[in-house]
Amino acid sequence: MTRKVWKYTLKDHVNTLSIPEYFEILEVHEQANELCIWVLVDDINEEVKQTFHVIGTGKEFPMIRMEYVGTAHVHFGTLVLHVFMEIEL
């Protein structure tokens with residue numbers, strides 16, 4: 001078992017990432033004017049595809065099952081973005 005914290009940058013409204021299975025999301029934050037998530041992983045686990053949605057305050061919300069991950073203030077606090085993770089049934 002090799003547990004590590006990995007950082008992923010969310011660049012689009014919909015982001016599909018390859019993440020080792022059984023991950024834990026630790027933080028959503030802006031870094032260097034980019035929206036990032038930090039995830040605790042065990043890098044020996046097989047990677048799975050996970051989709052994240054970035055939604056601005058007041059914007060339309062997709063009608064799919066999602067779990068709230070976190071909120072971040074970007075562009076010097078002028079834009080508030082909310083991150084949700086798709087949940088498979």
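Please read all numbers here as calculations on a predicted model, not as lab measurements.
The environment of Phe76 atom CZ is sparse: at most 12 non-hydrogen atoms of other residues, nucleotides or ligands sit within 6.0 angstrom.
Leu35 and Tyr8 fall within a single hydrophobic cluster, where Ile, Leu, Val, Met, Phe, Trp and Tyr side chains are chained together by heavy-atom contacts under 4.5 Å. Linking Ile, Leu, Val, Met, Phe, Trp and Tyr whenever their side-chain heavy atoms come within less than 4.5 Å puts Val83 and Leu79 in one cluster. Both Val69 and Val41 sit in one connected hydrophobic cluster of ILVMFWY residues. Membership requires side-chain heavy atoms under 4.5 Å apart, directly or through other members.
A donor-acceptor contact closer than 3.5 angstrom links the side chains of Glu86 and His53.
Smallest separation of non-hydrogen atoms from Met85 and Ile25: SD-CD1, 4.0 Å. Residues Val14 and Thr51 come closest through the heavy atom pair CG1-CG2, 3.6 Å. The shortest heavy-atom contact between His82 and Thr71 is ND1-OG1, 2.8 Å. Across all non-hydrogen atoms, the minimal contact from Pro20 to Asn45 is CB-O, 3.9 Å. Shown here for Val54 and Asp12, the closest heavy-atom pair between the two residues is CG2-O, 3.6 Å. Heavy atoms only, all atoms of each residue included: Cys36 and Gln31 are closest at SG-CB, 4.2 Å.
Two residues are said to be in side-chain contact when any heavy atoms from C-beta on lie closer than 4.5 Å; Phe52 and Val28 fail this criterion. Taking 4.5 Å as the limit, some side-chain heavy atom of Pro62 sits within range of a side-chain heavy atom of Ile55.
Atom NE2 in His75 sits 7.0 Å away from atom CG in Leu81 (nearest 0.5 Å). Within the model, atoms NE2 of His29 and CD of Glu34 stand 13.0 Å from one another, a figure rounded to the nearest 0.5 Å. For the atom pair CG of Leu17 and CH2 of Trp6, the computed distance is 11.5 Å after rounding to the nearest 0.5 Å. A distance of 5.5 Å separates CG in Leu40 from CG in Leu26, rounded to the nearest 0.5 Å. Note: Glu24 CD to Ile19 CD1 = 12.5 Å, rounded to the nearest 0.5 Å. Taking CE of Met66 as the start and CD1 of Ile87 as the end, the distance is 9.5 Å to the nearest 0.5 Å.
Remark: the backbone N or O of Arg3 is not paired with any side-chain donor or acceptor of Asp42 at under 3.5 angstrom.
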